[in-house]
Protein chains: 2
Amino acid sequence: MPSRTTPAKPRRRRVGRPAGDDGDLRDRLLDAAAVQFAATGIAAASLRTIAQAAGVTPAMLHYYFGNKDALVRALVGERLLPNVRPLVETLASAGETPLEVAQAFAQGVSAIVATLPWLPALWVREVLCEGGALREFVFREVMPSLPQVLTRRFEAARAAGQLAPGIDPRLMVASLVGLTLFPAAGAPIWQKAFGMPGLDMPALMSHTLALLGHGLATPSTEKPR
Amino acid sequence: MPSRTTPAKPRRRRVGRPAGDDGDLRDRLLDAAAVQFAATGIAAASLRTIAQAAGVTPAMLHYYFGNKDALVRALVGERLLPNVRPLVETLASAGETPLEVAQAFAQGVSAIVATLPWLPALWVREVLCEGGALREFVFREVMPSLPQVLTRRFEAARAAGQLAPGIDPRLMVASLVGLTLFPAAGAPIWQKAFGMPGLDMPALMSHTLALLGHGLATPSTEKPR
DNA sequence: GTTTAAATTAATCATTGAATTAATTTAAGG
DNA sequence: CCTTAAATTAATTCAATGATTAATTTAAAC
C-alpha cells in the first residue's frame with residue numbers, strides 16, 4: 001500500500017529528457033490529434049485533451065508544432081493528403097463503365113478507412129460541411145481535381161450512352177460520397193442504435209454497389225401500376 | 001459627419017425595455033442560434049456571436065434560456081423535432097414499393113430543407129457524426145422509431161419479392177440519408193467549388209430517384225463483357 | 001569527463017467564453 | 001399619476017483554453 005504522505009502518482013514521468021527512446025512522440029501526437037479532432041470537431045478539441053491522450057503535457061504540442069493551427073496543417077499535410085491523393089489519381093483512369101468507376105471509388109474509400117479509421121468523420125465534419133475548418137485548405141490541395149476528374153468521366157460515359165437516363169454526371173460525386181464515406185463516418189451509430197452488428201465496410205460496399213448497379217426494385221415489380 | 005468626441009455608435013440600443021414591440025426576440029434568438037450552430041458546430045458557436053447576430057447582448061440568452069445547454073434543448077424541442085416527427089410518421093405508411101418509400105423520404109427531406117435550410121448541416125454535424133452533441137438527445141426522441149420503421153418496411157418489401165437482390169434492408173436508411181440529407185448539408189460546396197449553379201433540391205431529388213430506380217448503367221451496357 | 005543539445009514538465013499569462021448580477025428604461029395596470 | 005413588472009444593457013466573475021517560458025533531466029558529442 002502506498003504511504004499516505006507521498007501521493008506518488010503511479011507512472012508519472014519525471015521532468016527532463018526521457019531515458020527510453022520515445023522518438024515517435026510526434027507521430028503519437030498526430031494520431032491523438034486525429035482521433036480527437038474527428039470525435040468532437042477541431043474547434044472543440046482542446047490541446048490539453050490531445051496531449052493527455054498521448055500521455056504528455058500540452059507544452060509538447062507547442063514544442064513539436066508551434067500552435068494549434070500548425071498542428072492541424074501538419075495533420076492534413078502528413079496524414080490526410082498522402083492518403084487521399086492516390087485515390088484521386090487512381091480515379092482518373094480506373095474502370096471503364098460508370099459502375100466500374102463507382103466500384104473503384106468505393107474500394108478506394110474502403111482502403112482509406114482501413115488505415116485511417118478516423119478519416120470519414122473528420123472529412124464529413126470539417127471538409128464537407130459548411131463552415132468546416134479544413135474546407136478551404138483541402139479544396140485548394142486535392143479537391144480542385146477530384147470532382148472535376150470524376151465529373152468528366154461520368155460525362156464521357158453519358159456521351160457514350162453508358163449512363164442511365166435521369167442521372168446527372170455532376171451529382172454523381174455527391175452521391176458516391178454520400179453512399180460510401182458518409183455512412184462510414186457514422187458507422188457506430190448505424191451499428192449500435194439500429195441493432196445491426198454486421199455493418200462493416202465489406203457489407204456496406206456490396207450493398208452500395210448493388211444499389212448503384214440496378215437500383216432497389218426488382219425488374220418484375222418496377223412500375224407495376 | 002459625426003463629431004470626433006462622440007463615437008455614437010449608429011443604431012445602438014439604449015438600456016431598458018424597448019419601445020417597439022419586440023415580442024419575437026426569443027424566436028429570433030432561436031433562429032440565430034440555429035444558423036450559427038449549423039455553420040460552425042454547437043461547441044464552436046459562442047453565445048456572443050449568436051447574440052450579436054440577433055442584435056442583442058449575450059445576457060438576453062441567459063434571460064430567455066438560462067444557459068447554453070437549455071438553448072440547445074429549446075432549439076431541438078421547438079424547431080428540430082416538430083419538423084422531423086411528421087416525416088417519421090409519414091414514412092410508416094407512405095408508398096407501397098421500395099421506390100415509393102424512398103421517394104416519400106426524399107420528398108420529406110426536401111420539404112424540411114425548404115423551411116429550415118440550416119437543418120441538414122446541423123443534423124449531419126451533431127446527430128450523425130460520432131461525438132455529435134445532439135446524438136443522445138435526438139436518438140432518444142425520434143430515432144428509436146425512424147430507422148426501425150424504415151427497416152421494417154424494406155424488410156417487408158424484400159419478403160414480398162419487391163427488393164432487388166444484394167440490397168440490405170437495414171442499410172437503406174444510411175443510403176437514403178447519404179443520398180438526400182447529406183448532399184443538402186454541403187450544397188454550397190458542390191455548387192461553388194464544382195462550378196454547378198444548377199444544384200438545387202429538385203435537381204438533386206430527380207437525380208437521386210433515378211439512381212434508386214434503376215442504378216446508373218443503361219440496360220444495354222450492363223454486364224457488357 | 002565536460003560540454004552542449006534535446007526533450008520534457010511545471011508554472012504562468014493572456015484571452016475568451018459562459019454565466020451572473022445590478023442598474024436602467026419602458027410598458028402596463030391600478 | 002403611481003406602482004409594479006418586463007426587457008434590456010453594462011459590468012463582473014469564474015473557468016477553460018491556447019500559448020509561452022524557465023527549469024530540469026538525459027542523451028550525445030567531443
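Note on naming: letters A, B, ... go to the chains in the order of the sequence lines (proteins, then strands), and numbering restarts at 1 for each one.
Side-chain N/O atoms of H62(B) include none lying less than 4.0 angstrom from OP1 or OP2 on dA19(C).
Where T57(B) and A43(A) meet DNA chain D, the nucleotide closest to each residue was compared, and T57(B) sits on the side nearer the 5' end. The nearest heavy atom of DNA chain D to P58(B) and to T49(A) marks one nucleotide each, and the one closer to the 5' end goes with P58(B).
Rounded to an integer number of Å, the gap from Q36(A) CD to dT17(D) P is 11 Å. Put simply, CZ on R28(A) is 8 Å from P on dT8(C), counting in whole angstrom units. In this structure, NZ of K68(A) is placed 15 Å from P of dT20(D), rounded to the nearest angstrom. Across the protein-nucleic acid pair, D27(A) atom CG and dA7(C) atom C1' stand 16 Å apart, rounded to whole Å. Here dT9(D) presents its P atom at 12 Å from OH of Y63(B), a figure rounded to the nearest Å. Remark: C1' of dT20(C) and CG of L47(B) are 13 Å apart, rounded to the nearest angstrom. Distance, R26(B) CZ to dA7(D) P: 12 Å, rounded to whole Å. As a whole-Å value, the separation of R48(B) CZ from dA19(C) C1' is 10 Å.
Smallest separation of non-hydrogen atoms from L171(B) and A203(A): CD1-O, 3.9 Å. Here the closest heavy-atom approach between residue L87(B) and residue A104(B) is recorded as CD1-O, 4.2 Å. The two residues L179(A) and T208(A) have their closest heavy-atom pair at O-OG1, 3.4 Å. Smallest separation of non-hydrogen atoms from R125(A) and G132(B): NH2-N, 3.6 Å.
Every side-chain contact (heavy atoms from CB on, under 4.5 Å) that L75(A) has, sequence neighbours left out, goes to L30(A), A34(A), F37(A), R79(A), W118(A), L122(A).
Minimum atom distance to the side chain of S46(A) is reached by dT17(D), of the listed dT17(D), dT9(D), dA7(C). Residue L25(B) places its side chain closer to dT8(D) than to any other of dA10(C), dA7(C), dT8(D).
Nucleic acid contact for A45(B): sugar-phosphate only, since backbone atoms but no base atoms lie under 4.0 Å from a heavy atom of the residue.
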